[in-house]
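In what follows, every chain begins at residue 1, and chains take the letters A, B, ... in the order their sequences are listed. Fair warning: this is a prediction, and the values are worked out from it, not measured in the lab.
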Amino acid sequence: MSEHENKIHDPKTYWLDDQKNVKKIIWVLFVVCGLLFVADAFYEKHPHFAVEAWFGFYALYGFFMCVGLVLIAKVMRVFLMRDEEYYDKDV
Amino acid sequence: MSSFNPGLILIIGALPVALLPHALRRVYLLVLPLIGLFVVHNLTPGTVVTYETLGLTLELLRVDRLAMVWGYIFNIAAFLAMLFAFHERDTMQQVSALIYAGAAIAAVFAGDLVTLFVYWELTAISSVFLIWAARTERAYKTGMRYLLIQVGSGVILLAGVLLWYNDTGSIQFGHIGIETLAGKLILIAFGIKCAFPLLHNWLQDAYPEATVTGTVVLSAFTTKLAVYALARGYAGTEMLIYIGATMTAFPIFYAVIENDLRRVLAYSLNNQLGFMVVGIGIGTELSLNGTASHAFSHILYKALLFMSMGAVLYRTGTCKGSELGGLYKSMPFTTGFCIIGAASISAFPLFSGFVSKSMILLAVAEDHRWFVWGTLLFASAGVFHHSGIKIPYFAFFAHDSGHRVKEAPWNMLLAMAISSFLCIFIGVYPQMLFDILPYPVVFEPYTSAHVINQLQLLLFSALAFTVLMLYKIYPPELKSTNLDSDWIYRKFMPCVMQFAGKWIVRFDRGVRSETLKVLDDIIALIEGQHGTKSMMSRSMHAGTMALIVLSVLLVFLVMMMI
């Protein structure tokens, strides 16, 4: 698309361009996750289901279900992925 | 106060749009939904306006608290969409968007099934122009598929309504239930528009092909109108719990591998509808409040997300994850608004999704349905994964694609800013939303357990994303098409038809040639007896003929004498 040819050279560097800063963000995420995991010991639980009373249930559930989601989706790609013009071709 | 259906303000208001000069028209388009909002606000629950015709009692206007919620949010959504499209000069889109929004509002305030059917079809017919307005071959074909399915839903609805009238003698739109055939047909009609599993694919097919502004309009009305219709007709239908749970879970797998970011949003729209459908299936006051409030906040954050992706498409010309990245450098405000929308759909505390979705989850837990609850929890983590992280990450961060564009136009930014404000406002101060819900609200979203649990769930899914990214396990964005249920009618059936066609041609040819052969044989046989020089057509001399006749006469004479 010629009207949208807008890739120009941009000499400016941004804060996130530095890999060190990206690492910092990742570390912050790790620390926050660690704190949240520990936080499970410091509030009163009102579980509807027994699993909710397990230590760190929500954290572990969130983590492992997401990993599972991505892995299954990757396998789905094997069966479901076609090229972009798949439907435009004649049968 | 008012005695007419407030949807008519937009429908009738759309008629003179084409005649107005551009500058005036833009303002006019913004004012109409505000008038609509004002009129809805001044409606009194309990008002009914009827009209007798052909022995039927049509309820042209029925006001109750359930309809009011949708009346409010549909007008707000129409206003935001018009503001987002303020720069647009395409009259066709403006007129069709107004009629479409008006029809959806009118359908919500329709008290009988026949009036509902009329507006139901009007939403289908008016909305397809938002897809065709892209004016590409691809959009034309997609629009055709969309129209067929949408009108099909209307036809099934009509069949159901006729049967319902035959069974009950009434066309009032109240609880329907799935016990009768009529109830089942009407459920299918609603289910198509609500994108039930396997009836869903028109949504992911059509919405990403519409125009930049068209998708924002489309995302608000059709599916939420269906949610409203289900809530009125099928509250407490157990089957809906399982249908809804399926809807929350399976689109997110597709969302993970989809490359077109507007299509990712279409999949997550489908997933959010699932939460609402579960709420309808549970059917308690808490869960129906949850469905209504989730529809309300969902329309806002989904519109916001589609606006941010629309702005990206408008400026860069693409919405594909594989071609984007690093846009935070040139579109910082759009990035910020997109993140607010992402936080809202992911139900972060202090954002709108948190207060509305948790009502549905609580209702499921109170109903002791552990499997459904687990599925919804998984879907909540998943939606953060693909809408909350994937959309902003691949569009605005990830590796720099090199696009250096202007920030979105001011009207788009303003529309996104207002939507963002509302998302946060509902999250921080939910009481205002709770006050307009159909039932009294006895619910406190901000308990320490709930806030901590939600943060754990979300941040650990973010952790999962990060870890998968760091180890390069996360599937990269690739140019691709992923097969979904539309494969059945876009590829499988055409193939079957072609295959069948080939065999029919072959069979037909065989039958014809065999028949011709038999005919040839018969002709040859006849020719053998009647053809030139054959016995039956041999020519004889006149003398011989006279001799034969004479002989016959002779024989005759002899016979007479005996």
Side-chain angles (χ1 to χ4, degrees), chain A residues 1-10 12 14 16-17 22 25-26 29-30 32-33 36-37 39-40 42-52 56-77 79-88 90-91, chain B residues 138 252-254 256-257 259 315-318 328-329 362 365-366 368 370 373-374 377-378 381-382 384-386 397 400-405 447-449 452-468 470 473-475 478-484 490-491 494-495 498:
Chain A
M1 282 196 195
S2 57
E3 58 183 309
H4 289 295
E5 268 316 325
N6 42 42
K7 298 191 179 183
I8 51 153
H9 181 65
D10 178 14
K12 199 171 156 196
Y14 292 78
L16 274 176
D17 284 339
V22 176
I25 292 178
I26 293 174
L29 178 67
F30 285 168
V32 171
C33 282
L36 273 171
F37 196 75
D40 233 24
F42 298 100
Y43 66 93
E44 200 183 328
K45 295 184 177 183
H46 305 283
H48 285 94
F49 304 102
V51 285
E52 281 186 275
F57 163 73
Y58 280 90
L60 297 174
Y61 194 79
F63 184 84
F64 286 107
M65 287 311 245
C66 277
V67 172
L69 165 69
V70 171
L71 294 182
I72 292 173
K74 272 188 89 158
V75 176
M76 279 168 58
R77 256 199 176 164
F79 300 102
L80 298 177
M81 197 168 79
R82 299 291 185 277
D83 63 84
E84 214 167 22
E85 279 79 37
Y86 178 73
Y87 284 119
D88 300 330
D90 290 334
V91 283
Chain B
R138 195 181 163 95
I252 60 180
F253 292 95
Y254 276 94
V256 169
I257 50 176
N259 184 31
R315 283 303 192 210
T316 66
T318 178
Y328 77 95
K329 295 173 181 175
L362 181 64
E366 282 186 351
H368 308 293
W370 64 270
W373 181 81
L377 206 58
F378 159 64
F384 177 51
H385 206 87
H386 67 75
F397 302 100
D400 193 339
S401 59
H403 287 289
R404 289 296 178 272
V405 293
T447 63
S448 52
I452 294 174
N453 289 342
Q454 184 69 8
L455 285 176
Q456 287 174 327
L457 186 75
L458 294 180
L459 286 170
F460 273 79
S461 12
L463 187 67
F465 181 85
T466 314
V467 169
L468 293 169
L470 285 177
I473 300 170
Y474 197 86
L478 297 174
K479 280 180 188 265
S480 57
T481 303
N482 293 306
L483 304 185
D484 198 340
R490 291 176 72 182
K491 209 74 179 184
C495 276
Q498 205 169 57

Practice task
Kindly indicate, with the supporting measurements, whether the criterion side-chain contact (heavy atoms from CB on, under 4.5 Å) is fulfilled by K74(A) and I473(B).
Solution key: CA-CA 9 Å; K74(A) 272 188 89 158; I473(B) 300 170; 4.1 Å; yes
Problem - Interchain contact, F465(B) with chain A, by part (heavy-atom threshold 4.5 Å) - result: neither
Practice task
Supply the atom-to-atom distance L457(B) CG to L36(A) CG, rounded to the nearest 0.5 angstrom.
Solution key: 11.0 Å
Fill in the blank from the handout: Here the gap from T466(B) atom OG1 to L29(A) atom CG, rounded to the nearest 0.5 Å, amounts to 4.5 Å
Completion exercise
Most contact-rich option vs chain A, by heavy-atom pairs under 4.5 angstrom, among V256(B), L377(B), L455(B), is L377(B)
Practice task
Against chain B, label L69(A) side chain, backbone, both or neither, depending on which of its atoms sit under 4.5 Å from a heavy atom there.
Solution key: both
Handout entry: For C66(A) against H385(B), the heavy-atom pair lying closest together
Key = SG-ND1, 3.4 Å
Handout entry: Heavy-atom proximity to chain B below 4.5 Å, by part of V32(A)
Key = side chain
Practice task
Among A381(B), A365(B), A449(B), single out the residue with the greatest number of heavy-atom pairs under 4.5 Å to chain A.
Solution key: A365(B)
Exercise for the section: Could you check M76(A) against Y254(B) for side-chain contact (heavy atoms from CB on, under 4.5 Å), going step by step and ending with a plain yes or no? Expected result: CA-CA 8 Å; M76(A) 279 168 58; Y254(B) 276 94; 4.0 Å; yes
Handout entry: side chain to side chain contact (heavy atoms under 4.5 Å, CB included), paired with F460(B), selected from F64(A), Y58(A), Y61(A), F37(A)
Key = F37(A)
Problem - Contact origin within Y328(B) toward chain A - heavy atom pairs under 4.5 Å - result: side chain
Handout entry: L463(B) CG to C33(A) SG distance, which is reported to the nearest 0.5 Å
Key = 4.5 Å
Exercise for the section: Rounded to the nearest 0.5 Å, what's the gap from CD1 on I72(A) to CD1 on I257(B)? Could you check? Expected result: 11.5 Å
Exercise for the section: Starting at CG of D40(A), measure out to CG of N453(B) and round the result to the nearest 0.5 Å. Expected result: 6.5 Å
